[in-house]
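A, B, ... follow the sequence lines: proteins, then strands. Residue 1 opens every chain.
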Amino acid sequence: MSLDLETLKKELNPEQYRAVTSIDGAILIIAGAGSGKTRVITFRIAHMLDMGIPQSQILALTFTNKAAKEMEDRVKELTGRKLQNLTVSTFHAFGVRVLRQDIDKLGYRENFSIYDETDRTALIKECGRELQFSPDAMDIYKISQLFSNIKTGRKNWQGENDMYRQLYESYQEGLKLFNAVDFDDLIVLPIKLFREHPEVLARYRERYKYIMVDEFQDTSHQQYELMHLLADQNVAVVGDDDQSIYSWRGADYQNIINFEKDFKVTEIRLEQNYRSTGTILDAANGVISHNTNRKDKKLWSGKGEGKPIEIFMPQNETEEASFIAESIQGIAMEDRRKYDEFGVLIRANTQSRFIEEAFLENNIPYTMSGGTSFFERKEIKDVISYLRVISNHDDDINLLRIINVPRRGIGRAAIQVINDEAENLGSTLWTAIHSLVHAEASPASDVLKEDLETFETLIESQRQKLMSGRGLAKKVREMLEEIDYKSYLVTEYSKSEKAVRFKLKNIELFLEMMERWEIDPDNSNPSLFNYLNRVTLMSRDNGDDENDKGKVNLMTIHASKGLEFPVVFIAGAEEGLIPHQRSVDENGGDVEEERRLFYVAITRAREKLLISSCMKRRKQMSVIECTPSRFLDEIPANLVEYHEPQKELSMEKTHDILANMLKQFKIPDNTDF
DNA sequence: CGTCTCCAGGTTTTT
DNA sequence: CCTGGAGACG
């Protein structure tokens with residue numbers, strides 16, 4: 001398509017047109033939900049290219065791989081160009097790019113490992129053991145969060161935190177020794193690099209003249225800092241403070257205010273919603289208006305009023321699941337909709353289990369994105385760990401993971417020996433193993449020596465193969481055969497043949513994905529190192545694909561941001577789930593972020609929105625009575641069609657809840673059930 | 001010393 | 001369901 005101004009004027013509304021054609025200077029685009037944000041961004045890039053700006057000067061930063069990929073695809077489609085020099089990437093992936101070039105200046109070696117949450121916890125545990133922290137005193141999850149906050153400057157050492165200071169230092173030393181970086185480092189280290197080496201920064205500033213940041217409300221201070229360092233003057237950020245849902249990860253939509261302070265900003269507001277019916281939009285507006293701390297917006301829709309929002313109250317999560325499955329089948333039939341037009345949104349991954357079961361039972365194809373990510377499955381992690389060790393011998397954490405998988409006689413006592421040796425040498429485990437095998441006076445027994453040598457030879461020979469030449473997937477397949485991973489799975493899961501088959505299938509899937517990546521013509525360098533970096537950053541994102549066509553989309557609300565579906569179910573709209581109990585507890589009763597989350601969920605829907613709130617739900621081992629989410633009360637009652645519970649199973653309590661709901665919603669007389 | 005077996009306990013959201 | 005630990009066995 002030619003993108004002369006005439007065409008743009010026709011294709012876009014006046015505000016969108018302004019956003020697309022304002023290329024110079026600092027622009028803040030406040031883009032309400034469904035206001036055509038992605039369209040604006042892609043047109044903007046296409047327009048810049050059309051104006052003769054070289055693609056290499058453009059840097060577009062997003063938060064998820066999905067968003068980055070979508071943006072890139074859409075620009076390519078729109079311009080019909082290959083655009084191999086256009087940089088569209090997540091903040092973290094951009095960090096990797098920077099570090100890949102110059103990490104040696106920070107004292108790391110170039111084949112560094114990136115540690116995901118699993119590796120990170122393993123390392124913290126390891127350090128904790130060395131420092132003799134009692135295991136009970138360690139809430140790993142909390143410590144991990146604390147470390148993240150410390151590293152990104154959100155918290156200082158004070159009060160009771162201080163007891164973990166030594167642990168943190170040991171954690172940091174570990175990372176450095178293993179030549180590994182964690183997710184926070186991917187932002188923090190580039191900043192450090194740019195600060196300490198202005199000549200490196202200058203190179204990037206010279207190259208990227210036009211910067212764009214999507215989902216700006218989700219930037220952390222660090223990410224803002226990184227952007228600020230890079231940005232000269234032409235920087236456009238796009239965001240919506242009402243959709244800020246990552247504050248627990250350091251996102252701070254106050255960055256919008258910082259941005260206005262640090263740059264001479266032109267603000268453009270996109271307030272026309274092209275996505276949802278009037279009913280859905282009014283519901284969303286009704287909910288979000290209860291938040292006090294926000295930029296006031298008036299989103300409006302040109303679409304008709306649409307159908308009312310339906311609220312259901314299943315007895316429990318099993319019934320909720322089958323209700324959702326059956327409704328999807330019903331609506332698909334009645335409205336002639338394909339399965340991929342449905343989105344089922346949940347607050348927590350744990351909710352997925354029952355819904356997945358119901359889908360399986362009813363033969364509904366679905367994809368679940370998020371959850372225990374594919375790449376975090378044990379069998380996949382094992383393969384990746386092998387590759388990591390092969391790529392970076394000093395990666396102790398991954399070495400420990402696979403040194404006895406499949407079992408090769410290197411158990412706890414052997415590892416103790418290796419550990420001691422490493423401590424003596426002040427080295428990594430790999431070096432210690434080498435020393436134990438080859439040193440004259442080795443503290444290792446002959447048997448152990450032999451086992452260790454076999455392991456060392458295995459890794460070395462695989463390294464020879466995998467680090468050069470093509471055919472990565474094929475070589476990995478051969479490696480798995482050599483270690484006979486299949487037999488390992490068979491013995492390990494001897495009780496469940498089904499589990500074995502499932503795991504083998506996952507590995508097969510993994511290898512196929514790897515192969516596809518490898519032969520992708522856009523992929524200029526299919527090396528092992530590049531693959532590993534990519535895979536770690538992808539960890540949560542499913543390998544999306546064409547695979548999802550024709551399937552119901554099941555996902556957390558967080559994962560649904562930026563997406564839309566003709567029909568949306570929100571499951572588990574109960575107090576304690578949304579707003580989540582932990583969020584309420586941790587924020588001293590402040591539920592504004594949870595409300596934004598609910599707002600995001602509602603605004604995913606184009607035409608039809610169904611919400612369910614269970615009467616009871618299993619929680620840990622017991623069944624608890626549930627109260628409908630307070631946010632349901634914030635939806636204007638005239639937009640809602642309320643369905644009574646289908647079966648009268650329980651007693652007074654149910655009636656109380658019902659009576660409450662009746663008061664809120666004034667059931668229309670024609671609710672027949 | 002390594003492996004196997006069995007049981008308990010635990011799940012907010014993600015790059 | 002899946003991990004991690006304790007304890008028995010070879």
Side-chain angles (χ1 to χ4, degrees), chain A residues 61-68 89-96 114-118 120-122 125 135 139-141 144-145 148 152 182-187 215 218-220 222-223 244-251 345-353 356-357 369-373 375-379 381 404 406-417 445 447-448 451 491-496 498-499 502-503 533-534 536-541 555-561 572 576-587 593-594 596-597 600-601 618-621:
Chain A
L61 295 169
T62 64
F63 284 83
T64 61
N65 299 298
K66 220 178 206 161
S89 113
T90 63
F91 268 97
H92 290 83
F94 181 73
V96 174
I114 303 170
Y115 273 11
D116 66 13
E117 208 50 44
T118 320
R120 184 189 161 93
T121 3
K125 275 188 195 162
D139 177 343
I140 294 287
Y141 178 78
S144 175
Q145 238 177 6
S148 182
T152 54
D182 62 20
F183 279 137
D184 295 321
D185 285 328
L186 294 180
I187 310 297
E215 306 283 10
D218 289 330
T219 42
S220 64
Q222 301 292 314
Q223 287 161 333
S244 167
I245 54 176
Y246 284 105
S247 75
W248 49 275
R249 210 179 68 194
L345 308 186
I346 52 183
R347 173 67 236 269
N349 284 307
T350 44
Q351 291 172 258
S352 75
R353 213 180 108 205
E356 288 189 72
E357 274 167 17
S369 44
T372 318
S373 123
F375 296 98
E376 273 167 16
R377 292 185 182 285
K378 186 175 159 7
E379 58 278 17
K381 255 309 235 187
N404 207 26
R407 302 199 185 280
R408 47 172 76 89
I410 307 177
R412 243 181 50 208
I415 287 170
Q416 190 57 52
V417 175
S445 70
V447 188
L448 179 57
D451 290 339
T491 39
E492 204 72 356
Y493 298 90
S494 50
K495 266 170 283 175
S496 161
K498 220 171 120 190
F502 182 64
K503 282 163 196 289
N533 286 343
R534 193 182 105 89
T536 315
L537 293 178
M538 281 197 10
S539 50
R540 284 284 168 175
D541 252 349
M555 62 184 75
T556 63
I557 301 172
H558 282 89
S560 76
K561 197 162 66 149
L577 214 45
I578 181 157
H580 199 280
Q581 194 55 50
R582 271 176 94 144
S583 168
V584 177
D585 294 345
E586 277 167 26
N587 299 309
E593 175 142 324
E594 295 286 310
R596 290 194 291 269
L597 200 51
V600 167
R618 289 181 89 97
K619 214 167 190 186
Q620 276 145 12
M621 280 324 194

With a 4.0 Å limit, can you tell me whether [X] has a side-chain N or O closer than that to the phosphate oxygens OP1/OP2 of [N]?
X: A:R249; N: B:dT15; value: no
X: A:S583; N: B:dT13; value: no
X: A:N349; N: B:dT12; value: no

The criterion is side-chain contact (heavy atoms from CB on, under 4.5 Å); which residues satisfy it with [X], sequence neighbours excluded?
X: A:Q581; answer: A:V584, A:D585
X: A:A122; answer: A:I397
X: A:E593; answer: A:S247, A:W248, A:R596

In terms of side-chain heavy atoms of A:T350, which of B:dT15, B:dT13, B:dT11 is nearest?
->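 Selected nucleotide (nearest to the side chain): B:dT11.
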When you measure from the side chain of A:Y246, which nucleotide among C:dT3, B:dT14, B:dT12 comes out closest?
-> B:dT14
Look up atom OG in A:S144 and atom CG in A:D184, then write down how far apart they are to the nearest 0.5 Å.
->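 Going from the OG atom of A:S144 to the CG atom of A:D184 covers 8.5 Å.
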At under 4.0 Å between heavy atoms, what does A:F91 touch on the DNA or RNA strands: base, sugar-phosphate, or nothing?
-> nothing
Do A:S89 and A:T62 have side chains that get closer than 4.5 Å, going by heavy atoms?
->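 Counting from C-beta outward, A:S89 and A:T62 never come under 4.5 Å.
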Between the protein and nucleotides 2-7 of chain B, which nitrogen or oxygen pairs come in under 3.5 angstrom?
residue	atom	partner	partner atom	Å
B:dG2	OP2	A:A413	N	3.1
B:dT3	OP1	A:G409	N	3.4
B:dT3	OP2	A:N404	ND2	3.0
B:dC4	OP2	A:R407	NE	3.0

Stacking check A:H580 vs B:dT12 (5.5 Å / 30 deg) |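 It does: the ring sits over the base of B:dT12.
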Would you kindly compare A:R347 and A:H92 by the position of their nearest DNA chain B nucleotide and give the one closer to the 5′ end?
->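 It is A:R347, whose closest nucleotide lies nearer the 5' terminus.
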Pairwise C1' distance, C:dG4 and B:dT12 [rounded to whole Å] =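 After rounding to an integer number of Å, I get 23 Å for this pair.
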Which residues pass the side-chain hydrogen bond (donor to acceptor under 3.5 Å, both in side chains) test with A:T118, sequence neighbours left out?
->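 A:T118 satisfies side-chain hydrogen bond (donor to acceptor under 3.5 Å, both in side chains) with no residue once adjacent residues are dropped.
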Going by atom types only, do A:S148 and A:Q145 share a side-chain donor-acceptor pair under 3.5 Å?
->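 No.
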Expressed as a whole number of angstroms, how long is the span from [X]:[atom1] to [N]:[atom2]?
X: A:W248; N: B:dT14; atom1: CH2; atom2: P; value: 6 Å
X: A:K378; N: C:dC1; atom1: NZ; atom2: C1'; value: 15 Å
X: A:Q222; N: B:dT15; atom1: CD; atom2: C1'; value: 14 Å
X: A:E593; N: B:dT13; atom1: CD; atom2: P; value: 14 Å

Are there any protein N/O atoms within less than 3.5 Å of an N/O atom in nucleotides 4-10 of chain C, and if so, which ones and at what distance?
none

Parallel, tilted or perpendicular, as decided by the 30° and 60° cut-offs, for the rings of A:H92 and A:F183 |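 Rings of A:F183 and A:H92: perpendicular, over 60°.
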Do NZ/NE/NH1/NH2 and the carboxylate oxygens of A:E117 and A:R120 come within less than 4.0 Å?
-> yes
